[in-house]
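Just follow the structure's listing: the first ligand is 1, and inside any ligand the first atom is 1. In this text the structure is predicted, and so the values were computed from the model without any measurement.
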Amino acid sequence: MDFNQLIRPHILSLQPYSSARDEYSGSEGVFLDANENPFHSVSGNDFNRYPDPYQWEVKVKLAQLKGVKPENIFLGNGSDEPIDLLIKAICEPKESNIVIMPPTYGMYKVCADIQQVKIQQAPLSEEFEIDLDNVFDAVNTATKIIWVCSPNNPSGNLLDKSSIIQILKAFPEKIVVVDEAYIDFADTDSFLKELPNFENLVVLQTFSKAWGMAGLRLGVAYCHPTLIGILNKIKYPYNINILTQKELLKALDKEKEKNDLVAEINVLKDKLRDDLLKLEFTEKIFPSDSNMLLVRFKNAKAIFKYLLDQKIIVRDRTNVALCDDCLRISIGTKEENKALMESLSKYTK
Ligand SMILES: *Cc1c(COP(=O)(O)O)cnc(C)c1O
């Protein structure tokens, strides 16, 4: 892949902000260079020093866990940050386009809209599978990024691996992003394994779902080191705060706990599916490799409002492409799912 062709010229030549910690990154010394408070934080914690701008300690540990190199890792304030930065780095406003496969995660379009980057749609099939004809129709010479969400949000299913590989092979000079926010819940390998095979591949993961750390805001992009360098150049200098970095280091020692939580959620998912299927007004539950169920009801909007009145909040997807009469339900605890089912069992109309 020719990254010099891919990246916007002014980003290639951009002179980035050089922070105090860029200019001296050693950990020993008398630090009088960053205008920090030398005593302590008013909050009582040790937050008076700026964090490592490149989160090296965290990346080394995450790299071991994921079987990649630290140089393949970009950490962002949620996955939303790398989504935004990729578009900023690669797409020319009003010229370039991105290809999305609706129904899909909403942020690809929002970030493109903010930058005035055009959208080409390649809808999934009725069964929420990649439609390669739609993809090949949608891609043109102005296409810079193709977004694949697998397992897909809001449908919850994994997308066909061989179709994704075909897309990666067909467009070696375009970026193909595989958003794996829900991959921990799926019984399959991550596309991280394909990183050595495709320079145009970007894999997105997040600590917001299976790892249970949504409030900390930590998303990860794995890709070619050249592209990582570009993302580093345009990010805010200290984008991951010290607290988040410390908490992440702790969490990375406890992968088993994450796996146990995933196993528990998957059991609860199967039970909730069985229970929902017994309801007379449930029409269809789509296959899920994630921690959500997309459910088609006879009158989804009325059910959504009924649940809301009982303070049970699910996601109304009825206005989303291919999701007529569908609600998206996150898998809760045993008690939460029970509350949902008790409400639904009393629904009459
Ligand atoms: C939840 C989600 C994300 C993660 O967002 P964060 O900003 O990391 O919390 C990314 N992609 C998809 C498809 C999601 O559903």
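Within the structure, every pair that satisfies the salt bridge (charged side-chain N to carboxylate O under 4.0 Å, His left out) test and touches residues 88-115, not counting sequence neighbours, is listed here: Arg8-Glu92, Asp84-Lys88, Lys109-Asp113. Applying the ring-ring contact (aromatic ring centres under 6.0 Å, His included) test to every pair with at least one member in residues 107-132, sequence neighbours left out, gives these pairs: Tyr105-Tyr108, Tyr108-Trp147, Phe128-Phe286.
By the salt bridge (Lys or Arg N to Asp or Glu O under 4.0 Å) test, Glu36 pairs with Arg49, sequence neighbours left out.
Under the 6.0 Å cut-off for aromatic ring centres, Tyr50 and Phe31 do not qualify, their centroids lying 6.0 Å or more apart. Ring pair Phe47/His40: centre-to-centre distance not below 6.0 Å.
Remark: Lys233 is not positioned above the aromatic ring of Tyr17, lacking an NZ or CZ atom under 6.0 angstrom from the ring centre and at most 45 degrees off the axis.
Residues with a heavy atom under 4.0 Å from ligand 1: Gly78, Ser79, Asp80, Tyr105, Cys149, Asn153, Asp179, Ala181, Tyr182, Thr206, Ser208, Lys209, Arg217.
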